[in-house]
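Report on the following structure.
Note on naming: letters A, B, ... go to the chains in the order of the sequence lines (proteins, then strands), and numbering restarts at 1 for each one.
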Amino acid sequence: MKIATWNVNSIRTRLEQVIDWLGQSNVDVLCMQEIKVVDAQFPCAPFEELGYHLYFSGQKAYNGVAIASRQPLLDVSCGFAPTLLNIQADWDEQKRVITGKIDGITIVNLYVPNGSAVGSEKYEYKLGWLAVLQEYLRSLLLSQAAICVCGDFNIALEDKDIHHSAKSENHIMASEPERQALRDILLLGFADAFRKFTSEGGHYSWWDYRAASFRRNLGWRIDHHYLTPALYERAKSCTIDVAPRKLPQPSDHAPVIVEF
DNA sequence: ATGGCGCGTTGCACGCGA
């Protein structure tokens, strides 16, 4: 069983690359972020022709998450509210969460807010959103034993997840409050699948479009799979596939795949 | 220090991403 996460940066623009990659990688589940399309316009047909079922929560122009799965997902829900019944509704206005269950594994597909700049209004929104996410996962853990939380976290937890020329405490995605918010979430009982197999730095999942960052390998590892303990033990590999990032007109993110 | 590239938009410059 392979579960992949990929910020595709517009599913309509990236459709051919995503479909090609699905056909080659043969993953069972693909979690996508930044689909940037309303539900009525999601291009379902090419996925269905490959044998995938589609689940999505989209909005116009920004954000949006989707899951393509070979087997139908159970208990699909969008946003925090179905689990956090008392949450303020506006935390679900931006479409950043979709959850479903397959083979006893609850998959939570996330697009964590970017945060713009440390100290900005969007940064405060990101920290607030992460606090809501913590409560969401705490609540899920009450009823679900095997959880895979994956997606674009927009946080590099350690300095070795960041290329040498960008290490800055006040950099968005690396500031201490963001890292602490993510550590607090992991303390609920999640471990990084990638770090089960690879301890050294220099492995990245996102490279800025500008300044030839990919060619110079000036990247960040910000796309993650976080697993509950028994699932973590079952993980057989976790890899970043940089091949799609080399194509013309790529997403700025590469897919990350965990295998059980 | 700044901006760089790419996406979508009742588009033709701008907000946003990270």
NZ or CZ of A:Lys2 within 45° of A:Phe260 ring axis and under 6.0 Å: no
Distance between P atoms of B:dA1 and B:dC14 (Å, rounded): 25 Å
Distance in angstrom units between A:Leu15 CG and B:dC7 P, rounded: 14 Å
B:dC7 OP1/OP2 closer than 4.0 Å to side-chain N/O of A:Arg14: yes
Touch class at under 4.0 angstrom, heavy-atom based, for A:Asp152 against every strand present: sugar-phosphate
For atom CH2 of A:Trp220 and atom P of B:dG17, their distance in whole Å: 15 Å
Gap between atoms CG and P, on A:Asn9 and B:dC5 respectively (whole Å): 15 Å
Option passing side chain to side chain donor-acceptor pair (under 3.5 Å) with A:Gln33 (candidates A:Asn7, A:Thr5, A:Asp152): A:Thr5
A:Lys122 side chain near B:dC16 phosphate (N/O to OP1/OP2, under 4.0 Å): yes
Which residue lies more 5' along DNA chain B, comparing A:Gln249 with A:Gly115 via nearest heavy atoms: A:Gln249
Pairwise C1' distance for B:dG6 and B:dG11, with rounding to whole Å: 15 Å
Comparing A:Trp206 and A:Tyr209 on DNA chain B - which has the more 5′ nearest nucleotide: A:Tyr209
Selection from B:dT10, B:dG8, B:dG4 that lies nearest to any side-chain heavy atom of A:Thr13: B:dG8
Nearest to side-chain heavy atoms of A:Lys36, which nucleotide of B:dG8, B:dG17, B:dT9: B:dG8
Nearest to side-chain heavy atoms of A:Ser10, which nucleotide of B:dC16, B:dC7, B:dT9: B:dC7
Side chain of A:Lys60 - closest among B:dT9, B:dC7, B:dC16: B:dT9
A:Arg14 and A:Gln17: side chain donor to acceptor below 3.5 Å: no
Rounded interatomic separation in angstrom, taking CG from A:Asn63 and P from B:dC7: 17 Å
Any A:Ile3 side-chain heavy atom under 4.5 Å of A:Ile257 side chain: no
Closest to side chain of A:Glu34, choosing from B:dT9, B:dC7, B:dG17: B:dG17
Spacing between A:Gln41 atom CD and B:dT10 atom C1', to the nearest angstrom: 13 Å
Whole angstrom value for the distance that separates P of B:dC16 from CG of A:Asp208: 18 Å
Side chain of A:Ala211 - closest among B:dG4, B:dT10, B:dG8: B:dG4
Sugar-phosphate, base or nothing in reach of A:Tyr111, heavy atoms under 4.0 Å: sugar-phosphate
Pi-cation contact, A:Tyr204 with A:Arg221 (under 6.0 Å, within 45°): no
Atom P, compared across B:dC12 and B:dT2: separation rounded to whole Å: 27 Å
Protein-nucleotide distance (A:Asn154, atom CG; B:dG17, atom C1'), rounded to Å: 8 Å
Length of the line joining A:Glu121:CD and B:dG15:C1', which is rounded to integer Å: 14 Å
Sugar-phosphate only, base, or nothing, as touched by A:Asp223 at under 4.0 Å among non-hydrogen atoms: nothing
Test item: A:Tyr209 side-chain N/O and A:Pro250 main-chain N/O as donor-acceptor pair under 3.5 Å: yes
